[in-house]
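Comments concern the structure below.
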Amino acid sequence: MISKIVRPLMNEIFYLGTRSPILAYKKIETLLQQYNTSAKHDKIAILDHIAKAYHPDQEEVTSQIQRMTSSDFIKNCERIHTCSEPKYAQLFRLIGRQPDGVRSLVHLRADLLRFLPEMDSPDYAKRMSDNLQDLLATWFTTGLLKVERITWQSPCEIVQRISEYEAVHPIRTWTDLKQRLGPYRRCFAYTHHMMPNDPLVILHVALMDDISDSIQTILKRVSPTSNKSEEIQKENESLINSAIFYSISSTQAGLKGIELGNSLIKRCVRQLQVEHPQLEKFSSLSPIPDFRKWLMEELNSSSTSLISSETRSWLNSFLTSTTTWHLDEEILNKIQPILMHLCAYYLTQIKHPRTGYARDPVANFHLRNGAVIWRLNWLADRSQRGWKQSLSIMVNYRYYDFVKIDQNSIDYIDKKTIQIDEQVSKLL
């Protein structure tokens, strides 16, 4: 297929594209149709071919460098840039000019990332993925994105996708979805004009009377003044003091590595402050997705000095042989201080071996945004998912004023400094 279809198509696309992108339109459409209708192994072969065949020619680049003279530095740089730019970069720009080209490129990069371990030339494919990421980053800069509030009255297509894309707390029924889009709740999404009705990042917010310590309170739609579930038809402004970011989901795998969620939170904070000037507190209520996994690694490690052998023995027994210990008050009282200490230690001290930032991906996201690890919440997520991920513990990452947020973000990115509240430091 490569020699009979793809290579001739690519040659025609490059030839026509240098004359005018309009002339290459039909050929690009044919190439995309061929790729989209191909089986997985054929898609991998096509991507492998493009990544390797249209990579910069090393001999040509070396030759241009050797021919550099001091007489015309700018022309020298232009020649080197021309020969060192991969030819597939031109292909991506031509695809981007198609009516649905930007969406096609996002899906193409998602395939690249997914197929990378199975490709014959992973180094070339990784370079092509990075090149495409750089191009997409210019098209998906936050200045070109729109913040939309999604409500039950929004177009059916985007409401459906809000339900499908929810990755943190799955939406199970239409009633559940309607509640998350109703009073005392806000749902914001980043959208791009080239991908209408297809949200890129989704942020769910609960408007509460204080910073929440339980996801059940939010998902079961409990009134800010009551512990009983009730249908709320109208918001009482006097009961809205805190905005809780309880779910944020990036929906497009092809945009991985392009930071969008952090700016969405900041733009939503400004929008909420306009809508509710009395709002004083902004915080997440976040899962700790890898805590249990890390803890089991520690319990099964013979070299750990973090947990005594006696504690490790009975703790391991509880976590591996019992599924209902979190319903037993006696066990809860015994195990709570130990798990809360270990969780605080995990969030603040355990770093990613390659980057040196927080190992927990959600912690790393909020700390890069400038948030503070404010409070750990015991049994905050009693769902099966919450138990399997973080032993039902959740954490609040608090966002203070924007000056402090920006400084915290700089300190974390530059110095890997993690800001924690006294409530968390006491657990350590």
Side-chain angles (χ1 to χ4, degrees), residues 1-2 5-18 20-55 85-116 118-119 121 124-142 144-146 155 157-158 160-161 164-165 189-202 250-258 260:
M1 183 180 69
I2 298 297
I5 301 175
V6 177
R7 189 177 291 119
L9 263 177
M10 293 289 289
N11 290 338
E12 288 186 84
I13 287 169
F14 287 128
Y15 171 70
L16 295 171
T18 55
S20 170
I22 298 173
L23 297 176
Y25 175 85
K26 285 295 182 184
K27 297 299 180 182
I28 292 172
E29 191 176 52
T30 303
L31 177 66
L32 291 175
Q33 187 177 17
Q34 179 67 49
Y35 177 82
N36 291 330
T37 56
S38 295
K40 177 184 173 181
H41 66 277
D42 287 328
K43 286 184 176 182
I44 292 175
I46 292 171
L47 293 174
D48 248 326
H49 170 71
I50 294 174
K52 195 166 185 179
Y54 303 102
H55 191 267
E85 182 183 58
K87 206 168 182 180
Y88 48 67
Q90 180 188 352
L91 172 67
F92 295 153
R93 288 193 291 269
L94 289 170
I95 292 175
R97 297 176 70 112
Q98 300 289 302
D100 208 28
V102 173
R103 190 193 305 269
S104 296
L105 289 174
V106 172
H107 293 167
L108 189 72
R109 184 163 183 264
D111 284 350
L112 262 174
L113 295 172
R114 184 158 52 97
F115 299 152
L116 202 58
E118 304 174 54
M119 299 183 78
S121 309
Y124 288 100
K126 175 67 167 59
R127 168 74 193 276
M128 186 164 76
S129 172
D130 292 344
N131 181 277
L132 184 50
Q133 177 184 330
D134 291 341
L135 180 61
L136 290 172
T138 64
W139 290 338
F140 287 88
T141 181
T142 54
L144 299 177
L145 301 180
K146 180 182 177 183
E157 184 180 1
I158 196 168
Q160 175 69 26
R161 287 183 173 171
E164 293 171 351
Y165 285 146
Y190 255 156
T191 59
H192 192 281
H193 68 281
M194 295 301 290
M195 297 176 66
N197 290 333
D198 197 355
L200 310 176
V201 185
I202 302 166
S250 296
T251 67
Q252 306 295 327
L255 297 180
K256 183 178 180 181
I258 301 173
L260 300 175

Passes side chain to side chain contact (heavy atoms under 4.5 Å, CB included), Lys27 versus Met10? Steps please. CA-CA 8 Å; Lys27 297 299 180 182; Met10 293 289 289; over 6 Å; no

Could you give me the CA-CA distance, side-chain angles and deciding distance for Tyr165 and Asp198, then say whether side chain to side chain contact (heavy atoms under 4.5 Å, CB included) is met? CA-CA 10 Å; Tyr165 285 146; Asp198 197 355; 2.9 Å; yes

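Tyr88 is linked by a ring pair (Phe, Tyr, Trp, His ring centres under 6.0 Å) to Phe92, counting only residues two or more places apart in sequence or in another chain. For Asn131, there are no side-chain hydrogen bond (donor to acceptor under 3.5 Å, both in side chains) partners at least two apart in sequence or on another chain.
Closest approach of Pro99 and Tyr25 over heavy atoms only: CD-CE1, 3.6 Å. Shown here for Leu32 and Ser104, the closest heavy-atom pair between the two residues is CD1-OG, 4.1 Å. Contact detail for Lys52 and Ser121: the closest heavy-atom pair is CD-OG, 3.5 Å. Leu136 and Gly254 make their closest contact through CD1-O, 3.7 Å (heavy atoms, listed as atom of the first residue, atom of the second, distance). Across all their heavy atoms, Leu31 and Val6 have their closest contact at CD1-CG1, 4.5 Å. Scanning both residues, Gly96 and Val102, for their nearest heavy atoms gives O-CG2, 4.0 Å.
Note on Glu29 versus Lys26: salt bridge recorded, some NZ/NE/NH1/NH2 to OD/OE distance being below 4.0 Å. Under the 4.0 Å criterion applied to side-chain N and carboxylate O atoms, Arg127 and Asp130 are not assigned as salt-bridge partners.
Within 6.0 Å of CD in Gln33 there are 12 or fewer heavy atoms belonging to other residues, nucleotides or ligands. Within 6.0 Å of atom CZ in Arg97, 12 or fewer heavy atoms from other residues, nucleotides or ligands are found, so the atom counts as exposed in its surroundings.
Using a 4.5 Å cut-off on side-chain heavy atoms (C-beta onward), Phe140 and Met194 make no contact. Pro196 places a side-chain heavy atom less than 4.5 Å from the side chain of Arg103. Side-chain atoms of Glu164 and Thr251, non-hydrogen and from C-beta on, never get closer than 4.5 Å to each other. The side-chain heavy atoms of Met128 and His55, taken from C-beta on, include no pair separated by under 4.5 Å. No side-chain heavy atom of Arg161 sits less than 4.5 Å from a side-chain heavy atom of Ile202. Inter-residue side-chain proximity for Leu47 and Tyr35 is flagged as met; some heavy-atom pair is nearer than 4.5 Å. By the 4.5 Å heavy-atom criterion applied to side chains, Ser38 and Ile46 are counted as neighbours. The closest side-chain heavy-atom distance from Tyr190 to Ser250 is not below 4.5 Å.
Note that NZ of Lys126 is 13.0 Å distant from CE of Met119, once rounded to the nearest 0.5 Å. Atom CG of Leu94 and atom CD1 of Ile22 lie 11.5 Å apart (nearest 0.5 Å). Distance CG/Leu112 to CD1/Ile44: 10.5 Å, rounded to 0.5 Å. The CD atom of Glu118 sits 12.0 Å away from the NE2 atom of His41 when rounded to the nearest 0.5 Å. Taking CG from Leu91 and CG from Leu9, the interatomic distance works out to 10.5 Å, rounded to the nearest 0.5 Å. Taking CG from Leu260 and CD from Gln252, the interatomic distance works out to 10.0 Å, rounded to the nearest 0.5 Å.
Under a cutoff of 6.0 Å and an axis angle of 45°, Lys87 and Phe14 form a cation-pi pair.
With hydrogens and angles ignored, the 3.5 Å screen pairs no side-chain donor or acceptor of Thr191 with any backbone N or O of Pro199. A donor-acceptor pair under 3.5 Å is absent between the side-chain atoms of Thr141 and the main chain of Thr138, judged by distance alone.
Between Tyr54 and His49, the ring-plane angle classifies as perpendicular under the 30° and 60° cut-offs.
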